[in-house]
Amino acid sequence: PLPSYDEVLVCTPDTEEEEVELLVRRALSPGSRDQKIYCLLGADKLVYKVSKQLEFHFFRLVQSSSIPNYRFIIFCNAKAHNSYVITAFDAYKVTFPCYSETEIQTYLKMHLKVPSGTAPVAQAFDEPHQQNVKFVFSEKVGMGK
């Protein structure tokens, strides 16, 4: 399954050290054996101080953790060459191929189907393909999305 709200942290320059530490702890603590996938999105946007603390907490917990198969993904913009996070985690870097928007949409339509017999939120959308995920964008915040 896709990560849920408690597994994803969308980073901005305002993201605080405590938020990053909490996600790293969730990913690397003994209670995280329930197959969750923890993600830092846009980690290249973290300020230097928070990036250093991310590195510190991650490597400290990896050394002391008894979980060999943790699931922790850090997403960064490949063009953000001045990011401390990219430098600190360079040994773990994996580059993904670029897929077209059509290829991504086709993949999502095939893999994110709502199981039969459920009442998905996707019913609110007037489309023939019922899916688990919908992206709603707005120019204004707090518009009830």
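The first residue of the sequence shown is numbered 1, and numbering continues consecutively from there.
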S.K.: Between V8 and L23, which heavy-atom pair has the shortest distance, and what is it?
M.R.: N-CD1, 4.3 Å
S.K.: Keeping E55 on the side-chain end and A88 on the backbone end, is there a donor-acceptor pair under 3.5 Å?
M.R.: no
S.K.: Could D6 and K36 be called an ion pair, given the rule that one side-chain N must be under 4.0 Å from one carboxylate O?
M.R.: yes
S.K.: Are side-chain heavy atoms of I74 and Y92 found at a separation under 4.5 Å?
M.R.: no
S.K.: Do any pairs count as a salt bridge (Lys or Arg N to Asp or Glu O under 4.0 Å) and have a residue in residues 92-104, sequence neighbours left out, and if so which ones?
M.R.: D90-K93
S.K.: Testing the basics here: between C11 and L40, what is the closest heavy-atom pair and its distance to 0.1 Å?
M.R.: SG-CD2, 3.6 Å
S.K.: Given the side-chain rings of Y48 and Y84, with only the six-membered ring counted for Trp, is the space between their centroids under 6.0 Å?
M.R.: yes
S.K.: Return the CZ to CD distance between F72 and E7, rounded to the nearest 0.5 Å.
M.R.: 12.0 Å
S.K.: Please identify each residue that fulfils side chain to side chain donor-acceptor pair (under 3.5 Å) with E17, with sequence neighbours left out.
M.R.: none
S.K.: For residues V50 and T15, report the shortest heavy-atom separation together with the two atoms involved.
M.R.: CG2-O, 3.5 Å
S.K.: With clusters defined by side-chain heavy atoms of hydrophobic residues (ILVMFWY) lying less than 4.5 Å apart, directly or transitively, does V62 cluster with L9?
M.R.: yes
S.K.: Is K45 close to T12 at the side-chain level, that is, under 4.5 Å between some pair of heavy atoms?
M.R.: no
S.K.: Atom NE2 in H57, atom CD in E18: separation rounded to 0.5 Å?
M.R.: 8.5 Å
S.K.: Should V47 and V24 be regarded as members of a common hydrophobic cluster, given that ILVMFWY residues are connected when their side-chain heavy atoms come within less than 4.5 Å of each other, either directly or indirectly?
M.R.: yes
S.K.: When you compare the side chain of V85 with that of L46, does any pair of heavy atoms fall below 4.5 Å?
M.R.: yes
S.K.: In terms of hydrophobic clustering (I, L, V, M, F, W, Y; side-chain heavy atoms under 4.5 Å; direct or indirect links), are V20 and I86 co-clustered?
M.R.: no
S.K.: Applying ring-ring contact (aromatic ring centres under 6.0 Å, His included), can you list everything that pairs with F89, at least two apart in sequence or on another chain?
M.R.: F58, F59
S.K.: Do Q63 side-chain atoms and R60 backbone N/O form a donor-acceptor pair below 3.5 Å?
M.R.: no
S.K.: Looking at Y38 and A27, what are the two nearest heavy atoms and their distance?
M.R.: CD1-CA, 3.4 Å
S.K.: Please answer whether the main-chain N or O of A80 pairs with a side-chain N or O of D44 as donor and acceptor at a distance below 3.5 Å.
M.R.: no
S.K.: Would you say the side chain of L61 lies within less than 4.5 Å of the side chain of R25, judging by non-hydrogen atoms?
M.R.: yes
